[in-house]
Structure formats: structure tokens, C-alpha cells
4 protein chains.
Amino acid sequence: MAKLGFVGLGTMGGQMVNRLLSKGHSVTGYNRTRKKAEWLIEKGMIWGDSPRAVAAASDIVFAMVTNSAALAAIMEGPDGLLAGIGAGKIFSDISTVSPTVSRGFAAKVREKGADMVDSPVSGSVITLQEGKLSVMVGGRRETFERLKPTLLDIGPKVTYVGDNGLALSMKIAVNLSLAVQMMAFSEGVLLAEKSGITRETAVEVLTHSAVASPMIQYRGPFVLQQPEEAWFDVNMMQKDMVLAMDLGRQLDVPLPTTSASNEFLTAARGMGWDKYDFAVMFDVLAKMSGVKTGIAK
Amino acid sequence: MAKLGFVGLGTMGGQMVNRLLSKGHSVTGYNRTRKKAEWLIEKGMIWGDSPRAVAAASDIVFAMVTNSAALAAIMEGPDGLLAGIGAGKIFSDISTVSPTVSRGFAAKVREKGADMVDSPVSGSVITLQEGKLSVMVGGRRETFERLKPTLLDIGPKVTYVGDNGLALSMKIAVNLSLAVQMMAFSEGVLLAEKSGITRETAVEVLTHSAVASPMIQYRGPFVLQQPEEAWFDVNMMQKDMVLAMDLGRQLDVPLPTTSASNEFLTAARGMGWDKYDFAVMFDVLAKMSGVKTGIAK
Amino acid sequence: MAKLGFVGLGTMGGQMVNRLLSKGHSVTGYNRTRKKAEWLIEKGMIWGDSPRAVAAASDIVFAMVTNSAALAAIMEGPDGLLAGIGAGKIFSDISTVSPTVSRGFAAKVREKGADMVDSPVSGSVITLQEGKLSVMVGGRRETFERLKPTLLDIGPKVTYVGDNGLALSMKIAVNLSLAVQMMAFSEGVLLAEKSGITRETAVEVLTHSAVASPMIQYRGPFVLQQPEEAWFDVNMMQKDMVLAMDLGRQLDVPLPTTSASNEFLTAARGMGWDKYDFAVMFDVLAKMSGVKTGIAK
Amino acid sequence: MAKLGFVGLGTMGGQMVNRLLSKGHSVTGYNRTRKKAEWLIEKGMIWGDSPRAVAAASDIVFAMVTNSAALAAIMEGPDGLLAGIGAGKIFSDISTVSPTVSRGFAAKVREKGADMVDSPVSGSVITLQEGKLSVMVGGRRETFERLKPTLLDIGPKVTYVGDNGLALSMKIAVNLSLAVQMMAFSEGVLLAEKSGITRETAVEVLTHSAVASPMIQYRGPFVLQQPEEAWFDVNMMQKDMVLAMDLGRQLDVPLPTTSASNEFLTAARGMGWDKYDFAVMFDVLAKMSGVKTGIAK
């Protein structure tokens, strides 16, 4: 069994390591703040002192960080992942970053004799815990085949999408609909509510209708009550919208509903609500409609 | 068992009558062109010479017509439904029209001693044939209770939403998401495709993702191949978008993604594609992106 | 000199009559509330008891009312303008209504042996008082030629645009830019302000820049201080936007910035600010940006 | 009289140097391709071999380059402007780049004992040649005062806006309206044209209306005939829109009409029309409306 490494032990990354440990894998892990890693060390994870140390100790290294800047931070420098990776190893990056950035790092990884794929996942922590996460992979097919058995221990659905960067493009193509669907849902709820239907009934009907995607089913009720902790906050959602819009400009694809929805994420921040789940788009539109919510007074 | 009447025997209306006949109901039906009714007469439907005749012969009358103008045409005048309806009867209007128009007719029906509800359905002909159609009802609760057993013979899910017009408001609140979700889906497919992923793979991934609503699951593949006959064409979809926008203006609810998407339905007509299923929004965006499709050359 | 009639003596209509009287014309006028006409009667205007009476007493009748419904109210019925108009007379309608509605009335006017043109004006009360108003005319060219000398006493620029309804189409085509330019101006002011420039400086620079249309020059400062009385309030502006969007749908012209801006007029109403000049779009955007204004607290 | 330097001798930069020479200034100039500088050398400009050489030879150095990357290219490295600048000198950057990037270079310039301002201009080459260009300045006020007499030889209107970066913010705040106003203008022209008014008449009326900003007056006729050479092409315009949207996200200002219009610049590129003046947005909308133009067939 390959020795695994994992850089970035936040909510999602931590749960992935937990899952890999429970499947019997040996995992060396690193996180910028060690404190968040304690519970995993107790479960048997080996602590690595740096991304370099993790890469040096592992056959397959995963990373799960916030954005392109965070990825650069763990890749480069004397303690970076690139300094520790070598011939025959695989770097599987789960972070959602720009496809161009990812391709740039793949080239650098190959200069070291190793290989890299982009392997973003679709779904939330809950999807992961339920064992239903899906993983998309972009890179060389032979690397994908070597990696696949390990990825199947993260989630049951592993899809090869094509060359490096394409799994990221596909992920971005999915994620733009998250915000747009949430926005259209909010428009519908407020139309129903101001017509005289209770918000609860409107949510009930919409989350059981032809437009009830899995995302709408779980996030729709957030317009009644935000979760205690944001599942995917305004800034995280906007990061993906910006990746989509950058890609759209680069590839000459107009994105009218993506850009219209994105302005409401900006407005959420303008109104001081950026720490909420991005379902708070509803509250922005409610405010503009003169409707009170738990958040919009 | 109540004697039923049905005005408007187009694709959807005709299949509803077929279903009611198969459940053993007696149905008197009328359609502007009798020819479309022949197959139902062969199955036992009684022909009524006018909306008035249908209303006179029935305890419960249904109507399923295209828009407010068509509804006015069957309601008013010497041969109209209002001329035939009388004490104790129920008019259940399945058409998608403006809530205000519907409330106006409800008042006139009540002047005749009868009662009216708006009872729009959510779902396509296929949903109906599979016996999965859901019906929403707006009107007096006691009328709803009397009507409910008959509605259950049309579809298995019958929901009381509130006063007259509210089922229409709810339907409109659902339908605006149809066009918006289709638009966001198109943006995603084109981003993926211009990244280098095949259109087929992009559709496959998106229709199995967190944003795959039932509508996206069945209509998403239309971007690969339009159906032989439009399920819901550009003009029908735009009619509902306009109902949403009228309601939004009336109730002071801004509808940013609804209005952004609606412009692409207008563009579809500008490009001469109005007879296609509204999934042709994809082809409009493809044209703007310099991508060829079966429709956009 | 032709005897003139004028129906609708609101702010704009009243000032036009005042101007016509000062040029030596004989004017018979009518307004729904006579009180608003007193100052003009003092200046020599003859009071007419109804639109019919005004039409009967005049060679050329003008009307200036709020919308299609108000136009129908003065045209139809036993006391309506149509009942008083006859052979050889001209009806010059200054109201901004839908081109289709206007064409419908033109046909009815012709049945009476008279003729009608649509003659909307571009500019505000101040433009009128400064003698700079421009008038566009749609209708038969010979009628335009007969009417032109009188129109030149209203404003110095009289343009023949084409057949009936076309002056209205042209007016609508101008007016949609009012709201869109105001919206873009607001976006610019807020960007500058949150960058650290004072709102006053931002307005000063923008109102002297390449994007400073006459409208931006006079309305731009409203974001510093709303006028005591709205020049053109939210609902009036939205009425014209809706005329544009209806025309766009009818003629298959997508209107992306018109529809995006229109949603902010709806939002202004949702926030309770509909009585302000439509420059209050700025305050809506300010609220969404977390910026305080005299209106957005 | 201060010795002047100028880096970047494209259309605009070259004409500025020409103007400065004609006012009697000594100017040392550099351009990536020397060929474009020949006509200026003939007029008395001294050739500098690198940005460093220009900075070393001058008291006041101007730069006019395309974007942040081009600015970095002339600033950094052994031959860069930073290597040649020293105590008491002023760097006045006319380029339109991000305020953040500009502030970064200002800090580096100060480390050398010199000072930097951002001094973007508003207006076209023609405005410059007519001697009507306006210049906005961001930076220390005392540096502005020293620089002002020289700037007045470029254009007659020189405005101090505030700290470093603020002139750029103000410029961006102006420029977003360029694209939005052009888009709304296009919507208006097409509404008029499909109503039955000729495109020429529509342009004539709109360019003399309340919405006729200077930009609309000179660029409006481009929808009849694109200029032989783009005044400001699709990509240049989009660069400024992206600066606006980046700033909007950074400062939490939603930009609904900016982002809606920007998608039409992307579409222009998707349709292969990126080398045209950005007025080609009209042709994109014309295509979507089924209207032919010289460009949209």
C-alpha cells in the first residue's frame, strides 16, 4: 500500500485524512497551524514538519488549500512541496485553483520526475462523511490509473476528465451554477412570499419541484435559518465565481447569469454578511424587496 | 362520481382527459379545433359544443389554455364558460396565467354561485403519463377539499397553497428557475467545452452533479440534441418569465437573474429559433462564444 | 392662427400651455382637477369642461397624460376627446405611451375625419422653460407640416421621425439610457468614494468627463442631494423602462442593461423610496455597498 | 525648464511627446520598438536606450504603457526605470493600471529618493491634439504642484484627486460608463431600427439627446461605420472593465451594469471581432436581434 501525504488539514482536508486513516492507510500530514492536526495525530496520522517533509515521506501527496496564493505558499521555497517531491511520486491537488496555475505547477512537478493531477471534489463535508463524494481528475491517464484506487477510498465516484487543468475547468463549470441557482431560488421565494405564501411553504414547494437540485434541497432551507457555521461562505463562493469569470474571459465565453449573481455576493460583503453561507444572497435580495429576515432587519 | 368537464385539449390537456377517462370518470370535453379531440371521443369522452355546453353538463370543469387572452376567450361571451356555470359547480383552472387575471375570473364565477380555484401543475407530459404530476391549488379551502379526490386522479401530489391566485404565484416562482438554471447550465457547458472537455462529458458530469435538478437532468441533454418537438418552447417559457417579472414589479421584488435570462429568450427569437425548446438558450450563448452547434452554424 | 386645445395640465402640460399663451395663442384647456388649471385661466386660458369640449372648441388638440390608461380615460366615453374631434382637426399626443396603443387611437381619430400624430418631447420642465425642448413627431408628413409651426412655439427643435408610433419608439429608445446611464454613474461614484475620494469630487469629475451627458450633468448632483420634488420619479422612469422592454420583446431586441437597471428601480420601491427622483438608484446601490447617504441609513 | 523623459511612444504617448516638444521641452524618449520613435527623433526628441537611461537623463519621467504587466516590464530589472531614477526626480505614470499596482511602484520609487504620481488622462488622441485633454493626479500634493506646469503643457485641465492610486480609481470610475453607455445606446438604436426608423436617424436623434455624452457623440456614429483603426478596441476596453470589477470586489461595490456590459465585450471576442473599436458591442446585439450590419452578417 502506497504511503500517503496530505497538506492542508482544514475541515474538508481533515475529514479526508480521517477517512483515509480509517481505511487503513498510512498518512503523513502537515498543516500551517499544528493545533488543527492534533485530533488526526491521535488517530494515527504521522506529523510532517513541512510540505517538503510530507512529500519526502510519501508516494502519493494530496493537498487541499484555499486558493492559488495558498497553493503557491505550500509548493515553493526551501520547505515547499516541490523541494520534497521526486521521481515516481504523484501529487494530487484537491484545491480549487485556476486551471492555468495548476498546469504551471504540474510542469514544475514533472521537472522533478514526479507527476501531478488536479483532482477537485464535488460535494460538502457531509457528502464526504456519507461516503458519496465525487472526484474529477485531470492529467495523464496512466497517472490517473495508478491513483484511482486511493481516490476510491475518498469517494465512490472517480471520473477521468482529460488533460491537466480540465478537472478544474469542469469543477468551475459546476460551481457557477451553485450561486446562480441560489439566486433564482431566492427570487422565487420572495415572489411567493410577497404574494402571500409563507416563506416555509415556498421553500417546501421549491425544494420538491423540478428545479430542486441536490444543492437547492440542502441549501434552500438556509433562507429560513442560516446554519451555525457557513458550509461555503460568501468569499469562498465568490472565489469560484471569479475563477469562472476569469476562465470565461480567457476562453471568450460570456457568462451573463454568473456575473449577475456574483454582484450579489459582493453586495453581501458590502452589507457586512460575508461570514454567512452564501445562501445569504437571499437576505440581500430580501433587503432590496423590503422584506425582513433573521439577518436583514 | 362527479361529472367532469374539460376545456382545452392540447397535448397536456388531452393527456389529462385520457387519464381521467382511464380512471372511470365521465368527461365532457371541448377544444377550439374538434379534430384534436377525436382520439378522446373514441375513448369515451363526450363532445361539448362550447365552453358553455361543457360547463352546463358538468359538476367540475377544468380548463388548460395557453395564456390570459386564451382564458378570456373561453370564459366570456354567449358561448363562454361563465354563461354555462351555475350554483354548486367548481371551475378548476390549470392554465398558467397572471394571478390577478385569475382572481378576476374567480370573482365572476362566484357571482354565478359557483366557485373557482387556480390549480396549475408542475411537470411535463411525461411526468403526467408516469403518474407523477404535482398540482398546486389556490382558493377556498372547502372547495379544495371537495376537488381534491378528483385532482388526485390527475397526479399523486396535491398541495393547498392558500387563497385564489397563490397557486399561480407559486408556479411562477418555480418556473423562473427553469430558464435561469438552463442559462447557468449553458454557461457551464460552454466553459468546459472551450477548456477542452467534450460537450458530451460536460453534460454527463453536470447532469449528475449537485446542481442537477430534475429539470437539468431531462433538459440538459437537449444541448446535444434538441427534441423532435419542443417540450416547452421559447415563447411559452418567455410567457412565464414575463408573468414573473410583472409580478416582481407589482410586489417590488427585484429579479436580476430572471431578467438577465429572459433576454436570452428574446435573443433566441431574434435569431429565428423560437420554435425550439427553450434549451436553445444554449445555442444563443454558443453563437456568442464562437462555438458551433446543430443550430448555431 | 389655429385655435388650440390642451388636455392634461400637470407640471409639464401646464408649462407648455403657459408658453403657448405667452406666444399669443388661444388655448382651451382641461384637467381632471380644475384647481391645477387656475393659474393658467388667470393667464387667459379658456376652461373646457371635458376632453370632448376641448376637442370641439379647437383646431389642434394636445394631450399630456401619464400613461396608456390615462390616455384611454381622456379619449373614450361620452365626454372623451374622440367624441369631440372631427373633420380637419389634428390631435397631437405628447404623452409617452406604447406605440401600439398610440397607433390604435390614431386609427380611431381618422375614423372621425381628423388626424393624429404622436409627438413626445425630450427634456425636462427646465429645458422647456429655457426654450430648448425638442419634439419628435410620428404620423403623416402632411399633418406634421401643418402642425410644425405650432410645435415650434413649444420647442425650437421639431423632428419628423416617420409613421405613427415611431416618435414614441424613438423616445423610448432615448429614455432607456436615462436609467442605465444613471446606474453606471452610481457604480462609478461608489467605486471612487470607497477608494477614498469624496463623493463631491467624484460627482464633479464625472459630470465633466467624456461620459457626462446632459442628463448626467443635471441629475448627477442628485446623488449628493435629492431635489425637493422629484423631476422624474422611480415609477415614471420604470414606466418607460417597461415600455422599452415590452417593445424589445415584441421586436426581438434583447435589452441587457435596460433590464439590469430596471431591477434597481424595483428595488427602490422595495426599499420604500419610490417618491424620489429615479437618481435614488444610487442610494439603493449605496445601501448594498454599505455606504450611508441622506436616504440610505 | 525641467528635462523630461517619456517611456512608451505608442499612438497616445507619441502624440504627447510631440506636443511637449512643440511647447519647447527637452524630451528623452524610449520605446520597445525604436521604429515607432523615428518621427519624434526627427522632431528633436533624444533617444534613450532603456527606461533606465531615460530616467537617468530626466528630472520628470512619464510612462504610458498598456497594462500592469507592461508597466512591470519597464520598471524592473537592470535596465528598468527604477534602476535609473534617483533623489528629487518625479515619475508621472499615465498608464491605466490597478491602483494597488501603482501604489506598489510608488513605494519603490520613494525608496530611491524620488516620488511618483499616477496621472491618467481622460480623452482620446483627438482630444489631445485639440489641446483639450484632462489629467487627473494622485499622489503627494507638493509633488503635484511641482509637476502641474508640465502637465498643463499636455492638457488644459489638471485635477488633483488625492493620494496615490486615487487618480486611477477615478479614471476607472469614469471608464466603466464608456462601455455601459455604449451598450445602452446600442439597445436604443436597435429598438428604434426594428420599429421602422432608419439606423441613421436613430443615431442622429440619440447623439443630440439628453443622453448624448461626449463619448456617445463621437462614438455613436461608429455603429454606422467602424473607424478605419479602432480608437479603443474590445480588449483595451475590457481591460478597464476588469480593473473596475476587481476594484468593486476589493471595495465591496456591486457593479451590475458594468458586469452585464462586460459580457458583451467577451462576446465580441467570441465572435472574432476583438480588433474593432468597442462600439462593436452594437454588432453583437444586432446579431442577437437578427439585424445585419457591416460586421454582423
Side-chain angles (χ1 to χ4, degrees), chain B residues 179-180 182-196 199 223 234-235 237-238 241 245 248-249 253-276 278-293 295-297, chain D residues 179-180 182-196 199 223 234-235 237-238 241 245 248-249 253-276 278-293 295-297:
Chain B
V180 178
M182 192 65 216
M183 195 67 213
F185 176 83
S186 301
E187 296 174 19
V189 171
L190 283 161
L191 264 194
E193 182 170 349
K194 292 197 91 172
S195 290
R199 195 177 301 167
V223 308
V234 166
N235 291 324
M237 185 71 250
Q238 189 166 59
M241 298 299 265
M245 292 190 296
R249 274 199 301 278
V253 179
L255 302 173
T257 62
T258 301
S259 60
S261 301
N262 179 53
E263 299 305 324
F264 279 76
L265 295 167
T266 298
R269 209 167 41 240
M271 298 181 97
W273 302 337
D274 50 312
K275 285 304 163 212
Y276 289 106
F278 76 86
V280 77
M281 297 171 104
F282 172 80
D283 304 84
V284 176
L285 196 66
K287 184 80 192 179
M288 292 172 77
S289 308
V291 168
K292 288 190 182 359
T293 72
I295 291 163
K297 312 286 178 186
Chain D
V180 179
M182 192 65 215
M183 195 68 213
F185 175 84
S186 301
E187 296 174 18
V189 172
L190 284 162
L191 263 194
E193 182 170 350
K194 293 197 91 173
S195 290
R199 196 178 299 167
V223 308
V234 167
N235 291 324
M237 185 71 251
Q238 189 166 60
M241 298 299 266
M245 292 190 295
R249 274 200 301 277
V253 180
L255 302 173
T257 62
T258 301
S259 60
S261 301
N262 179 52
E263 299 306 323
F264 278 77
L265 296 168
T266 298
R269 210 166 40 241
M271 299 181 97
W273 302 337
D274 50 313
K275 285 304 163 212
Y276 289 106
F278 77 85
V280 78
M281 297 170 104
F282 172 79
D283 304 84
V284 176
L285 196 66
K287 184 80 193 179
M288 292 172 77
S289 307
V291 168
K292 288 190 181 2
T293 72
I295 291 162
K297 312 288 177 185

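Every chain is numbered from 1, with letters handed out A, B, ... down the list of sequences. In this text the structure is predicted, and so the values were computed from the model without any measurement.
The shortest non-hydrogen separation linking F282(B) to V189(B) is CE1-CG1, 3.6 Å. When all heavy atoms of M271(B) and M288(D) are compared, the pair lying nearest together is CG-O, 3.7 Å. In terms of heavy atoms, A179(B) sits closest to L265(B) at CB-CD1, 4.5 Å.
The closest side-chain heavy-atom distance from M182(B) to F264(B) is not below 4.5 Å. Inter-residue side-chain proximity for M241(D) and L255(D) is flagged as unmet; no heavy-atom pair is nearer than 4.5 Å.
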Across chain D and chain B, going purely by atom type as modelled, what donor-acceptor pairs are there at a distance under 3.5 Å?
{"from": "G270(B)", "atom 1": "O", "to": "G290(D)", "atom 2": "N", "distance (Å)": "3.3"}
{"from": "G290(B)", "atom 1": "N", "to": "G270(D)", "atom 2": "O", "distance (Å)": "3.3"}

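Interface summary for chain B: among A267(D), G272(D), A268(D), A260(D), the most heavy-atom pairs under 4.5 angstrom belong to A267(D).
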